[in-house]
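Report on one structure; see the data block that follows.
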Amino acid sequence: MLTLVAENIHNLLNVYLKTPNKTRWNATYDGLLQIKNIISSLNGMEKINQAMDYCEIQRFTTQEIKLIEEYCEVMAPLAESLDFLQGEDGMLMGYLLPTLYALEKKMTILEQKNLQFCSPLVQTIKNSLKKRFSLVWNKKELIIASCLIPRFKLVWLEGCNYFTAEAWLKTLFENADESTNSENSESDYAPEDFFCLPVAKKKTKKSSCMEEIELYLKSNSQDLSLLHTYPAVLKVFLEYNTPIPSSAPVERLFSTGSNVMTSNVKTTSVRGPVKDHLVHSEAVGEFTQFIKHLCILREHVSYEILARASVCLTADLTPTTAGASQV
């Protein structure tokens, strides 16, 4: 029966409707956005009514359609921001704060609009945003990471935050200059000279790192290739931007959700907690085997350390009741 209903809806709308679920936070938004787009299309409202009549469901009222439109309008910036931060290609830690700052500005604009139903939702998102990211909102390392991305530099900051970030950058590269000068200091005598005759020191540009950061901040280029022009800036950029702001790409890498009931999983005939335990045990076994091979290559690692590592690994990866149901 459900298959016949789905096929009829597909014949009327030319698409299968997205079904909200509990595993994806934005499933409700995606489903309502699809409905909104169908209603906005040519003869969309008529098609939706035909589908609802076939399913013997009451048609959307004008207020319900308005609610769907406002909900999608309010949730769109949040959904787009999180989808962007959970991306895999070209994602850097420095994108985190500019994205959050931009999201707050978008919520402020929506807050000023005369929304009929979703004004409380806007305020809730703003409050939750500040509460969830209060510890990182003005974190020094994250601000520096963002400023070292050519697209942002200091432009994304306002007021005192602008001058604070500029001071942090200059202090950082001033310290880098001092360490570089101390490492590259030459002795008064040439080491290969038997008579230890004094030699003239090579003249080096003073505060080269400071000059690089100043030129970098003044540059109008927003392309990442700009960093290759300034080696000192590139070095610090790699230090601060190597991590990614979200664990989603890692979770997708190790997820077995899309492989359940396929030939890729050896325990397809097993169900429930037993299957979860077998999949978990197989993963722990493979990872422990990898650790053993790695330790063989490192002759200074003792068997005692290996045993403790295996015990800790097994303890850390033991599935909980809630986690087992998600495998």
Side-chain angles (χ1 to χ4, degrees), residues 80-108 126 129-188 201-250:
E80 293 169 358
S81 298
L82 293 181
D83 286 343
F84 172 71
L85 291 175
Q86 291 176 357
E88 299 182 31
D89 298 331
M91 181 49 56
L92 303 167
M93 181 61 75
Y95 285 119
L96 176 60
L97 287 187
T99 301
L100 296 179
Y101 283 28
L103 178 58
E104 184 190 35
K105 292 178 181 177
K106 293 172 184 176
M107 289 296 110
T108 301
K126 283 193 66 176
L129 189 65
K130 280 287 190 179
K131 181 179 179 180
R132 174 65 179 83
F133 296 100
S134 59
L135 297 178
V136 301
W137 200 259
N138 293 308
K139 194 170 184 179
K140 178 179 178 180
E141 292 78 8
L142 295 179
I143 292 178
I144 291 177
S146 300
C147 292
L148 292 176
I149 297 179
R151 183 176 180 180
F152 302 125
K153 298 188 179 77
L154 296 170
V155 179
W156 62 287
L157 295 167
E158 299 176 350
C160 61
N161 291 334
Y162 179 99
F163 298 103
T164 301
E166 186 179 27
W168 283 343
L169 286 173
K170 290 184 177 180
T171 301
L172 178 64
F173 282 87
E174 185 178 1
N175 294 336
D177 260 333
E178 293 176 358
S179 61
T180 302
N181 291 336
S182 62
E183 291 175 2
N184 296 336
S185 60
E186 301 179 13
S187 61
D188 292 337
K201 295 182 179 180
K202 296 180 180 179
K203 293 184 178 181
T204 57
K205 290 185 178 180
K206 189 176 182 180
S207 302
S208 59
C209 294
M210 283 292 293
E211 290 178 0
E212 282 194 22
I213 190 61
E214 290 175 358
L215 292 174
Y216 163 78
L217 293 176
K218 292 178 181 178
S219 174
N220 294 324
S221 175
Q222 296 185 355
D223 196 275
L224 275 176
S225 59
L226 172 68
L227 295 171
H228 294 287
T229 310
Y230 309 105
V233 178
L234 175 60
K235 180 180 178 181
V236 181
F237 165 86
L238 294 175
E239 178 182 350
Y240 281 82
N241 278 286
T242 297
I244 54 178
S246 172
S247 62
V250 180

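Note that these values count all heavy atoms, side chains included, but never hydrogens, waters or copies made by symmetry. Residue numbers run from 1 in the order of the sequence given.
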- Query: Distance from Lys170 atom NZ to Ile213 atom CD1, nearest 0.5 Å?
  - Reply: 9.5 Å

- Task: Output yes when a side-chain donor or acceptor of Asn175 lies under 3.5 Å from a complementary backbone atom of Thr171, and no otherwise.
- Result: yes

- Note on the structure: For Ile244 and Pro249, the nearest pair of non-hydrogen atoms, with its separation, is CD1-CG, 4.1 Å

- Note on the structure: Value for CG (Leu100) from CZ (Phe133), rounded to nearest 0.5 Å, stands at 5.0 Å

- Message: Check the orientation of Trp156 and Tyr101. Use parallel for under 30°, tilted for 30 to 60°, and perpendicular for over 60°.
- Response: tilted

- Message: If we ignore hydrogens and angles and just use 3.5 Å, is the side chain of Asn241 paired with the main-chain N or O of Ala145 as donor and acceptor?
- Response: yes

- Query: For Ser221 and Asp223, does a side-chain donor sit closer than 3.5 Å to a side-chain acceptor?
  - Reply: no

- Closest non-hydrogen atom pair between Pro150 and Leu148, with its separation: CD-O, 3.5 Å

- Item | Residues that Tyr216 engages under ring pair (Phe, Tyr, Trp, His ring centres under 6.0 Å), provided they are two or more places apart | none

- Item | Side-chain donor or acceptor of Ser146 paired with backbone N/O of Gly94 under 3.5 Å | yes

- Query: What are the two closest non-hydrogen atoms of Leu172 and Tyr240, and how far apart are they?
  - Reply: CD1-OH, 3.9 Å

- Message: I'd like to know whether Leu129 forms a side-chain contact (heavy atoms from CB on, under 4.5 Å) with Met107, so could you lay out the CA-CA distance, the side-chain angles of the two residues, the decisive distance to 0.1 Å, and finally the verdict.
- Response: CA-CA 10 Å; Leu129 189 65; Met107 289 296 110; 5.5 Å; no

- Value rounded to 0.5 Å, distance of CZ in Phe163 from CG in Leu154: 10.0 Å

- Contact summary for Phe173 and Met210, nearest pair of heavy atoms: C-SD, 4.2 Å

- Check Lys153 against Leu217 and note the closest heavy-atom contact, atom names and distance. CD-O, 3.7 Å

- Query: Within a radius of less than 6.0 Å around CZ of Phe84, do more than 12 heavy atoms belonging to other residues, nucleotides or ligands occur?
  - Reply: yes

- Item | Ion pair Glu239/Lys235, N-O distance below 4.0 Å | no

